[in-house]
Structure formats: C-alpha cells, structure tokens
Amino acid sequence: MMKELGKKALEAKDFLASVTTQQKNAALNAIAKALRENSGYIIAENKKDLENGERAGLNKGLLDRLMLNESRIEDIAKSVEQVAGLSDPCGIVLEEVNRPNGLLIRKVTVPIGVIGIIYEARPNVTADAAVLCLKSSNAVILRGGKEAINSNLAVSSVMRNAIRQCGFNENCIQLVSDTSRNSANEMMKMNGYLDCLIPRGGKNLIKSVVENSTVPVIETGSGNCHIYVDESANADMAAEIILNAKTQRISVCNTCESLVIHSAILNKAMPKIKELLDTKNVEIRGDDRAMAAASGILPASEEDFSTEYLDYIISVKTVDSLDEAIKHINKHSTRHSEAIITENSAHATEFLQRVDSSSVYVNASTRFTDGGEFGLGAEIGISTQKLHARGPMGLRELTTSKYLIFGSGQIR
C-alpha cells in the first residue's frame, strides 16, 4: 500500500511542477471554504476520536491536542487563507552570476519534492502540513496517529475534494489510513518515493524516526522550554509571563515546563509566581530553596528538570548566577524555546548569545514560537536541529535550491 501511495505522490509532484502561484492560491482558498462548510462533519468525526481517547485513558493534554470545535476549525481556515496570501517560496533567485565564458548561472528555490510527515494526535497538523506543502509545490503523504484517525480522514477528504474541484491532482495530498506501526516503519524506508521525512510529536516518536529512517529526516523537537527569572527581573511581569507560558495551552510544545530563578529574587518572585499558578491548579516541583520560598511546593527530582510534562506541572531550579542558569538550561533543554525575564540588557544579550535553542526570548512568553505568530501562516513543525531548517518551519523551509545555467554554445 505504501508504495502505491508513493507512486501517486510522484505523479502529483510532476503535476505540481507546472502549477502557477495563482492556481495554488485558488486551491488553498477552496480548502479554507470547504473546511468551514464541512465543519459539522469534521466535528462529528472528531467526537468519535475524543470518545475513543477518553475510553483509552488519554490525559487532558492529549485530549486537548486532539479536540476540534468550530473555533479551532475557523482558526485552521484562517491559517489556510494566510498561507494563500504569502509569497510563493518557489522560483526565488538566490544568486546570479555571469561567467567570463558567457554562461549565466542562476541559483533558484525549488520544492523539495515529496514530503512524508509522521505525527500524533493533532488533527490540525493534517491541514497545516498539507497547505504548506501545496503552496510550496510539494506533494505530501501524511501519516497521523490512531488517536485522531477519524478526524484526519475527514479533514484530508475535505481538502482532497476541494483541490480536485480546482483541477488539481488530488494525490497532492494523501493520508495513510493504516495507523499500525508497520505503516510507519514502511514510510521510514520509502527511498525513491519520499525526498524527506518529518516526524512531529513526542520524543519517543521523533527518536524512533531519527534512528530508524533511511529517508533523510528533518528533526522536530519536543519542548522542555525554560523561563529564567533574572535577579533584575520585574517580579510581577515574570509571574504573568510564566502563567501564560505554562497554562495558556498546556498540550503544546512551546509551553513552559521548567522555571529557573535567581536566588537574589527568589523570595520576592516565587510567592507571586505560585499565587498565579495556583489559580490554574499547577503543581510546582522545586529544589530545597524554592520549597522554602513558598509553601505548597513539592520536591523535584533530577528527572523533573528534563521532563516535558504537557500537564499542569512545572519544575523550579534555583541558581546563583546567570552563568549557572545558562548551563542548567543548555544541559536540560530540548533546544526548542527559552526565555529570560530581566531588566539588565547585558544579561539579556549574554542569554541570547549563549542559550543554544531554536528560539530565545527576552521578556516574553515562549508560547509565541509558532508559525502563525512568526508570520509564516502555519508551520510544518518546530525544527530543533541545525541543518537545513531551525525553529518554526514555514514555506521557505520546504524548499531547496538548484542551479539553472544558460549558455549559447559554450563547451569546456
């Protein structure tokens, strides 16, 4: 079955090579319209997944990731329209040189080709990934998790019907209906069909794909995101930012999971932070000094400092210097997003330079690490690697380049 999907994707890739920007935008706007018109059908299918998830004992974070409602579908449709409004990432001239022998050499952006995506219980990824691939002229094979299979089938069906009515090869977007481990394993070996594979989900999924795939992988990361409260921080601002970063949506990878706080501000800031986190019933696990600074904090283990909870839990580490904070973060980070709360510009600069993550903030919530918030329309994932792409991956990250050489009879 997987090879059949691969053959269809190669045909779709060839079709997309000659599609104009205007045609792609028309197809994307048709997708947005179809998602709105079919929201009732999508929500009904999503309800099946939610019921199955509850029976299977999925935690609140995973159920939140899984859930679709009118508001979330409207957000997805708006995101599709935003992608349609962005510049076409293909055909951009990156370099151009006229050689002494008369050759004109031009380096331009082109699609990667056929992209495979393996992801978990996030049905919005089905739409986000498909439309970004379509706008960047890539065919895509989507393989979601069993928890969201009914939702994914519904969303992909709506999108395929929409682009078919615009004259597109519907196999520009394909969804793997088999959610067994075998299909994922086959996908990791689809050399000759897939040009790259992108895993999006928890650390176990990502680790499995990175270690077992023979297809080139763009690694996206789990998010053990840190906020460091510097000794010069505005304690009230720090508490508000931490509340937002931890609780605005607990189930996503840019949520703050780890708090690092300078000992000089601990007694002033920790009670304020705890007071706000208590309003959302967040469990705080801290070291000895953190526990002494505010009542009700539980003891943290060393494992807590490296954990992506995706739950109403946060760890707290007390440090005595900026240098110690940076070393702690770089040791335990997943290289996703980190923030410093400070009024000291020199400390902010040092933090930005030395923290080795894809997105680093000064006095702002880590929740902004998102394709839409960065003006990318949507994202295919947050890359935590350093080759090809890093941070939120939008349209430009779904292209590569090639050289076009124009001659007039030159020989060497």
Side-chain angles (χ1 to χ4, degrees), residues 24-25 27-50 53 60-86 117 119-136 140 142 144-145 147-148 150-163 173 175 200-201 220 223 244-255 310 337 359 364-382 391-395 397-398:
K24 289 189 288 187
N25 290 343
L28 290 170
N29 286 320
I31 287 174
K33 182 173 182 285
L35 288 170
R36 290 189 177 104
E37 291 177 346
N38 291 277
S39 61
Y41 161 60
I42 295 169
I43 290 169
E45 293 301 299
N46 178 249
K47 185 179 179 182
K48 297 177 184 177
D49 292 328
L50 289 171
K60 290 181 180 179
L62 288 175
L63 288 172
D64 178 67
R65 284 188 174 204
L66 181 58
M67 190 266 289
L68 292 176
N69 55 26
E70 289 284 354
S71 175
R72 289 188 178 180
I73 291 174
E74 176 60 25
D75 287 344
I76 293 170
K78 287 179 179 177
S79 177
V80 176
E81 290 170 336
Q82 189 175 355
V83 171
L86 295 173
I117 312 221
Y119 55 106
E120 295 177 326
R122 291 283 296 275
N124 65 295
V125 174
T126 304
D128 289 348
V131 300
L132 285 170
C133 288
L134 188 66
K135 181 64 181 261
S136 55
V140 65
L142 302 158
E147 298 85 0
N150 294 295
S151 308
N152 291 337
L153 287 169
V155 171
S156 63
S157 174
V158 168
M159 292 191 296
R160 283 165 58 88
N161 287 337
I163 65 172
I173 301 169
L175 179 79
R200 181 168 175 178
T220 65
N244 173 267
K246 177 68 249 183
T247 68
Q248 196 259 343
R249 192 173 177 191
I250 61 164
S251 64
V252 289
C253 58
N254 56 23
T255 294
L310 301 176
S337 300
S359 300
S365 171
T366 57
R367 284 285 289 116
F368 287 103
T369 305
D370 174 83
E373 292 292 339
F374 279 21
L376 306 178
E379 71 190 37
I380 210 83
I382 309 292
M393 293 177 58
L395 294 171
E397 287 71 32
L398 295 179

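Since the model is a prediction, treat every value here as computed from it, not as a measurement.
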Item to check | Contact summary for G53 and L63, nearest pair of heavy atoms | outcome: C-CD2, 4.1 Å
Checklist entry - Are the side chain of S136 and the backbone of C133 linked by a donor-acceptor contact shorter than 3.5 Å? => result yes
Checklist entry - Do you know which two heavy atoms are closest between P123 and A148, and how far apart they sit? => result CD-CB, 4.2 Å
Next on the checklist: Just so I know, are the side chains of I73 and I43 near enough to count as touching, which here means a heavy-atom distance under 4.5 Å?
Outcome noted: yes
Next on the checklist: Tell me whether N254 contacts the main-chain N or O of T369 through its side chain, where contact means a donor paired with an acceptor under 3.5 Å.
Outcome noted: yes
Checklist entry - Can you tell me if T126 and N152 form a side-chain donor-acceptor pair at under 3.5 Å? => result yes
Checklist outcome for this item: For L35 and V80, the nearest pair of non-hydrogen atoms, with its separation, is CD1-CG2, 4.2 Å
Next on the checklist: Any non-hydrogen side-chain atom of L62 less than 4.5 Å from a side-chain atom of E147?
Outcome noted: no
Next on the checklist: Check this for me: does any side-chain nitrogen of one of E81 and K78 sit under 4.0 Å from a carboxylate oxygen of the other?
Outcome noted: no
Item to check | CG on L134 to CD1 on I31, rounded to 0.5 Å | outcome: 5.5 Å
Next on the checklist: Any side-chain to backbone donor/acceptor pair from K135 onto L28? Under 3.5 Å, distance only.
Outcome noted: no
Item to check | Test item: T220 and I382 side chains (from C-beta on) under 4.5 Å apart, heavy atoms | outcome: no
Item to check | Test item: N46 side-chain N/O and L66 main-chain N/O as donor-acceptor pair under 3.5 Å | outcome: yes
Next on the checklist: How close do A84 and N25 get, counting heavy atoms only, and between which atoms?
Outcome noted: O-OD1, 3.0 Å
Next on the checklist: Measuring only between side-chain heavy atoms, which start at C-beta, is I380 closer than 4.5 Å to E397?
Outcome noted: no
Checklist entry - Can you find a heavy atom in the side chain of L310 that is under 4.5 Å from one in the side chain of T255? => result no
Item to check | Separation of I163 CD1 from I173 CD1 (nearest 0.5 Å) | outcome: 4.0 Å
Checklist outcome for this item: To the nearest 0.5 Å, atom NZ of K246 lies from atom OG1 of T366 at 9.5 Å
Checklist entry - CD1 of I42 to CG of L153: how many Å apart, nearest 0.5 Å? => result 12.0 Å
Item to check | Min side-chain heavy-atom separation V155-I76 under 4.5 Å | outcome: no
Item to check | Closest heavy-atom pair and its distance - L142, A130 | outcome: CD1-CB, 4.4 Å
Checklist entry - Which distance, rounded to the nearest 0.5 Å, do you find between the CG of N69 and the NZ of K47? => result 13.5 Å
Checklist entry - Taking C-beta and beyond as the side chain, do D370 and P392 meet within less than 4.5 Å on heavy atoms? => result no
Checklist outcome for this item: Here the salt bridge (Lys or Arg N to Asp or Glu O under 4.0 Å) pairs for residues 119-131, sequence neighbours left out, are none
Item to check | Side chain N150, main chain E45, donor-acceptor under 3.5 Å | outcome: no
Next on the checklist: For a 4.5 angstrom cut-off between non-hydrogen side-chain atoms, does V252 reach R367?
Outcome noted: yes
Checklist entry - Shortest non-hydrogen contact from D64 to R72? => result O-NH1, 2.6 Å
Checklist entry - If you measure from CZ on R65 to SG on C253, what distance do you get to the nearest 0.5 Å? => result 6.5 Å
